[in-house]
Each structure stands twice: as structure tokens, then as C-alpha cells.
Protein chains: 2
Amino acid sequence: MSNRDTQRTRRRRGASQPTLREVAEAAGVSAITASRALNAPERVNEDTRARILEAMERVGYVPNLVAGSLASARSRFIAVIVPSLENSVFIEVIRGLQATFEARGYQILLGNTDYDLEREHQLVRTFLGWSCSALVTAGLRHSPACRALLEQWDKPVMEVMELGDGLDLNVGLDHREAGRCMARHLLERGHRRSVFVGACLDRDYRALMRYEGHREVFENAGHAAPLIELEELGSLEAGAGGLDRVMASHRDADAIHFANDDLAAGALLHSVRLGLQVPDDIAIAGFNGLPLGQQLTPRLTTIRSPREAMGRQAAEQVLRRLDDRRVTRRRRDIGFELLVGEST
Amino acid sequence: MSNRDTQRTRRRRGASQPTLREVAEAAGVSAITASRALNAPERVNEDTRARILEAMERVGYVPNLVAGSLASARSRFIAVIVPSLENSVFIEVIRGLQATFEARGYQILLGNTDYDLEREHQLVRTFLGWSCSALVTAGLRHSPACRALLEQWDKPVMEVMELGDGLDLNVGLDHREAGRCMARHLLERGHRRSVFVGACLDRDYRALMRYEGHREVFENAGHAAPLIELEELGSLEAGAGGLDRVMASHRDADAIHFANDDLAAGALLHSVRLGLQVPDDIAIAGFNGLPLGQQLTPRLTTIRSPREAMGRQAAEQVLRRLDDRRVTRRRRDIGFELLVGEST
DNA sequence: TAGAAAGGTGTTAGCGCTAACATGATAGCG
DNA sequence: CGCTATCATGTTAGCGCTAACACCTTTCTA
């Protein structure tokens, strides 16, 4: 008796939530049967299961998922790591991931690196500590320590956004080719003196890859491929500023290839204020295929990348793996589409 | 010996990650000291701590946060529940929350209800099962069961977006008053025949509150306050369609008060295509204060709500509570600002 | 009709960590 | 010098759940 009292004083939570054991007692079964009623219904007799569910309802049982994860050494978490939440591009990928994973009962753990590889490493460590079922990260670049950590991890790792030699699974598009594609289009339209305008290209290295594709095409055709780098990653205001800078420094430019649609749309809107005719005075092209570009007059020429679909496909590949089904291709090119508007 | 063998065969994970116990052995201390080296450094001698950290580094220790949470009955999770990820408004709030919580070492668990209160209840149950430290949810409306669950929960609950009688903490703005504010502005500018255009007002009930404020002002001034409801929540295309519908059904309208900036901007861009003069032929007003509206010509009259700041303030209030500091006001009006452009 | 297979449930022993209490050493004090 | 206070560390006992195995019953098979 005194022994029992001692034990009781050492309990952490006096009046905590009802536990599975209490539910089991209320239903006249063992704890493991109650556990199975939730996690493996097909292994429990139907009547027994109904009795257990009724007991759960009655006592107000809320499963302790932390305890379940510890015991089973897995959680229904999917770690998702992106470099930024400012950029609508990542939001759309997240949306695709979230919809697909949530429908299958997985919970997303969202991490934001702010374009810092060290921060990514730290997030990966934290997420591994949560026994995630899989990890999805934007991009193929990681710190060596982070790469090592992920390589020795035995669960699916998915890298999205770009295409290349990845750790495990990969769904993305070829940014260099996208840059080439737009450059070819500009040449076809007769624009020879095109300026590429990007921002923070050290962090937004996918935009840099697009520039490299652009430069390759222009230089192969015997033209220069000047580059202007802005300070702000992607906003309408920055795009307006970009147009001003091109007008000031490249007075003979006949086209601007912007790193993204936010910049391009900002420039297009600004061109109205400056009284410039697009594309006659200057052509404007973007990247992303945002709806805004299609609502402007003239419509923005851009490249649409299926971002939500990318998230969805990535999630499906990961789920295949989690279901122990064969993953047909570890690397999957999601492609892109040139949308020709009247701005070029 | 045979006993030990039996035990060994019953282990779940043969070659699992190194545990705290192994780190402790490597450093020549007990497990609890190693635990304290991470979670309560001030309670461990500096040299001992350095030795432990070095051992962790050496063996590649990754803390098992699931086990820690189970033992301590708390996690560093903050549940965040929003009705949609399509709407940039929620994204911005999430950004504010995320930045503030992440800086303090909390991890956000993001849930999307798709405007379904039953789904919200389910998410709340799941999140409580993860021993979250606090819960942030968008809006004051919940299912009765969900409300009951949250009321008996003993951790901070924060409701954001709107202002009113909440469960616990509340940071938001008065949408009815915002609707009144814009309506007064329209009257001041001489617009008497104003149409309110919203979308899915059963789900976007905050927009409905703005309409009610709008109607109150117009009716008190002796004018009608017609309402048109669109099918799509907020997109440029839907806004263009909204303008068409107003032109078709209210030929004498002199102003359109849109439920949000996406719709309003869509209409403004469409007005160019229709050859309408804004505001002379028709005035256009929005809500949200998106950057896009300020880049259009004419600039969009709208109401700016400080959404990222709302997220940040909400997070700070919750952190105060978690730090056991006094929360000065449980309800906090974040306010709004009328941005007058040339579109009215 | 014996034996195997399948179905349904229970017992036991942890998962890896930390709360609570315990202990020993050192410092501070009159 | 004995007393308490503080610091640094250790021992013990779970947190609530599920994997692994065990066992009994019922059904199927040859």
C-alpha cells in the first residue's frame, strides 16, 4: 500500500487523457486489441471492434501518436524542406505535396531554410529525430554533412524542382533547357540584343542555370548575353526597377529575359507608366507561368512549369516507395511549356 | 546467456541509430547527464558538457525527439490550422507564425481544412495526439465537438484572422468594420450604386462580414446594396468574370466592391480589354492590400491588413504564454488601413 | 479425422528518453 | 565545526504504445 502510494506520487501526469489501456478495460479487451482496432482493423472481429470504438467515443480517447511512434519506430510524418515561403513557386509545390500526402493520412512537417544549407542540415537532423517516413527537399544542393546524413538514412528521399543526379528520388525540370528554350524563342522573334535580369543568383541558382542556357544559345548565335542582377528575389516592384536599370545601362536592348514572372510582370506594368510599347520598343519574357502574366495586356510570354503537379507526382512516387511498390523511374522529368504571349 | 539471446532476438531494430545511452557510455557519464547536456546545459559542468557533445559528434548521435516527447509529455510542435493554402492571405499569416516560432525552436504542424469544420475537428484530434505546445487556428468558427475538445485542453489556443469572442487568445481584425470603411469611402467619392462581388460566401464568411458592413452603410444612407456571388474564391479570371456579370445585370452600377484584391485586380485588368474607364465608367475596390493592386494603373483602392504581422504577433502572444509570462490582452485588434488609389 | 491454415486475442518486453527523487561533494556561514 | 545551501551527477521508474511471439479456436484440406 505504501509502495503503491510512492508509485503514485512519482507519476508525471495525475489526470491525463484516457489511455488505450483504459479504453481496453472499458471494452473488456486487452490493450493490444484496442490498438489493433485502430491500426489493423482487419485483424479484429467486427463486433469487438465496434465495442472498442464505442468505448473510445465514450471515454473521449485521443490516441497518443507520440507513444505510438516511439513503439513502432515510425511516424506518419513527411518532412518537407523548402528554401523560402516568400516565393509562390514553393507554395504551389507544397500544395501538391500536402494534398496528396494528407489524403493518405500523412502529416507534413514543413521546414524553411532561408536558402541556407547549414540551416537545411539542422532541419534534416531535427526531422530525422521525428522518425519521418520520408523527406522531400527542394533542390539537389546540400552541405556535405547533410548529404552524408541523408545517404545513410534508410527511408525515401525525394528531391524536387530541378533535374539531375540526386540522392534517391527526383522529380523536376531541366532549368538550363528552359533557359535555352526561351532564348531560342527570342531569337526566332528577331530579338538579338537580349538582357537577362535575375536576382540573388547565388541563392536562386536555378535561375542561374536558366541564364546559362540562355547565354549558350545567344553566344552560339554570335550575340552577347548580358546579365543584370537585382537585389530582391521576385517582386513586381523589383521588376519595375529592373526595367529602369536595363533602360539606363543597355539603351539598345530589344528584349529582357526575366528570371521569373513576378519581375517580368512588374516590368510589363511599369512599361505602361513609362510609355514604352511592348514588344516593339522592348520585348519582355518571364518564367513560371503565373496566372497574372496571362491577364496582362499584352500577355506575358513565359514558361509554365507544372508546380502543383510536380508536388503531386513527387508525393505519389514517395507513396509508391512507402507502399513497397516498384518505383519505375527514380528520375522524372516533369517538363515545361513555352507560353507565347504578345510581350515578345 | 540463453536468456540474453532471447531478449536480443526480440529487439525491434537491430542496427538502429546510436542512442543517448551509448553517447553517455562513450563520454563516461549517465544517460540523464547526457540528456541534460542538451536540454538543460546550465545544470551540467562545462567540461563534462564539452565531453558529451564531442561524444555525440563522434558517434553521429541524432536525438530521438519522439522518445523525448513521450517522456516529457510535451513536444516543440505548434499546430497551425488554416482553411486553405490556395489563398495567399493564409500563406502570409503562416509566414509570420513560422518565422517567429522557428526562431524559438518550435516546429509548425500545418493542417489544411479545406473550409470543412469536420476536417478541422479531425486535425485538432491528430494534433493533440502529438502533444503540441499550442494550437493556432484561422477563425472563430468550430464544430461543437472541436470546441469542446479545445476547451478542455490546457495549452494555449490562438484564433487569428477575425476578432471576437474566442476560446482563449485572439489576434485579428474587424471585418465588418473594414466593410463599413470601404463603403463610406465609396459614398464619399460619390458612388451610390455600388455592387458587392464576393465568392463562396458560405465558406469565406469573413468576406460576408465585410459585405454586411458594406450593406449597413449603404442602406443607412438610403441606397441599395446588391450582392453578386461568384463560384471561384479568388482569382484574376474570376474577377474578370465578375466585372462581366455586373455589366450584364447592373448596367447602372457606378462601383464594384470586390471581396478581395485578386478579384478586383482581375476586373481592373479586364476593364482595359473592355475599354472601360476606371473610375469614371465604374469604380473598383478590393480588400487585402496585395502588391499587385499598387502596381496597376490606376492603382487599386483597397484595405491593407497586416497579415504577416498578424502571424508574428499571434506567435509572440503564444510564446509569452508558453514562457509563463503574463498575456496583457487576450484579444488584440491588429487593425487595417484604407489604401486609396485611383480606381475609385 | 488428423493436420495444417487462418482467425482472433493475449502476454511480455521494450521503444529512447526524461521527471522525480536521491546522493555526494563543495562552499558559505555564524 | 556543524549546519544548511548549492552544484553536479546518478538511480529508478515510467511515458503510452506496439512488435514479437504465444495460444486457443474455428475452418479447411487431403
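Heavy atoms only: backbone and side chains are in, while hydrogens, waters and symmetry mates are out. Here is the naming used below: chain letters follow the sequence lines, and residue numbers restart at 1 for every chain.
Of all nucleotides listed (dC17(D), dT18(D), dT18(C)), dC17(D) comes nearest to the side chain of Thr19(A). Candidate nucleotides dA19(C), dC17(D), dC17(C) were compared by shortest atom distance to the side chain of Arg74(B), and dA19(C) ranks first.
Side-chain nitrogen and oxygen atoms of Asn64(A) include none within less than 4.0 Å of the OP1 or OP2 phosphate oxygen of dC15(D).
When rounded to the nearest whole Å, the span between CG of Leu65(A) and P of dC17(D) equals 9 Å. Remark: P of dC17(C) and CG of Leu70(B) are 12 Å apart, rounded to the nearest angstrom. Rounded to a whole Å, the CH2 atom of Trp130(B) is 13 Å from the C1' atom of dG16(D). Going from atom CG of Leu38(B) over to atom P of dA19(C) covers 13 Å, rounded to whole Å. Whole-Å rounding puts the Leu20(A) CG to dT18(D) P distance at 6 Å.
Each end of the helix from dT1(C)-dA30(D) to dG30(C)-dC1(D) yields a helix axis from five base pairs, and these two axes differ in direction by 20° (to the nearest 10 degrees).
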Protein and nucleotides 4-9 of chain D: nitrogen or oxygen contacts under 3.5 angstrom:
{"residue": "dT9(D)", "atom": "OP1", "partner": "Thr48(B)", "partner atom": "OG1", "Å": "2.7"}
{"residue": "dT9(D)", "atom": "OP2", "partner": "Asn45(B)", "partner atom": "N", "Å": "2.8"}

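For Glu54(A), the salt bridge (Lys or Arg N to Asp or Glu O under 4.0 Å) partners two or more places apart in sequence, or in a different chain, are Arg58(A). In terms of the salt bridge (Lys or Arg N to Asp or Glu O under 4.0 Å) criterion, Arg51(B) has no residue partners (sequence neighbours excluded).
Projected onto DNA chain D by closest heavy-atom contact, Pro18(A) and Arg21(B) fall at different nucleotides, the more 5' of which corresponds to Arg21(B).
The ring-ring contact (aromatic ring centres under 6.0 Å, His included) pairs that include a residue from residues 61-86 of chain B are Phe77(A)-Phe77(B), Trp130(A)-Phe77(B), where partners are two or more places apart or lie in different chains.
For the pair Arg331(A) and Asp165(A), the salt-bridge criterion is met [side-chain N within less than 4.0 Å of a carboxylate O]. Ion pairing between Glu316(A) and Arg332(A) fails under the 4.0 Å rule for side-chain N and carboxylate O.
Residues of residues 52-61 of chain B having a heavy atom closer than 4.0 Å to DNA chain C, listed by number: Tyr61(B).
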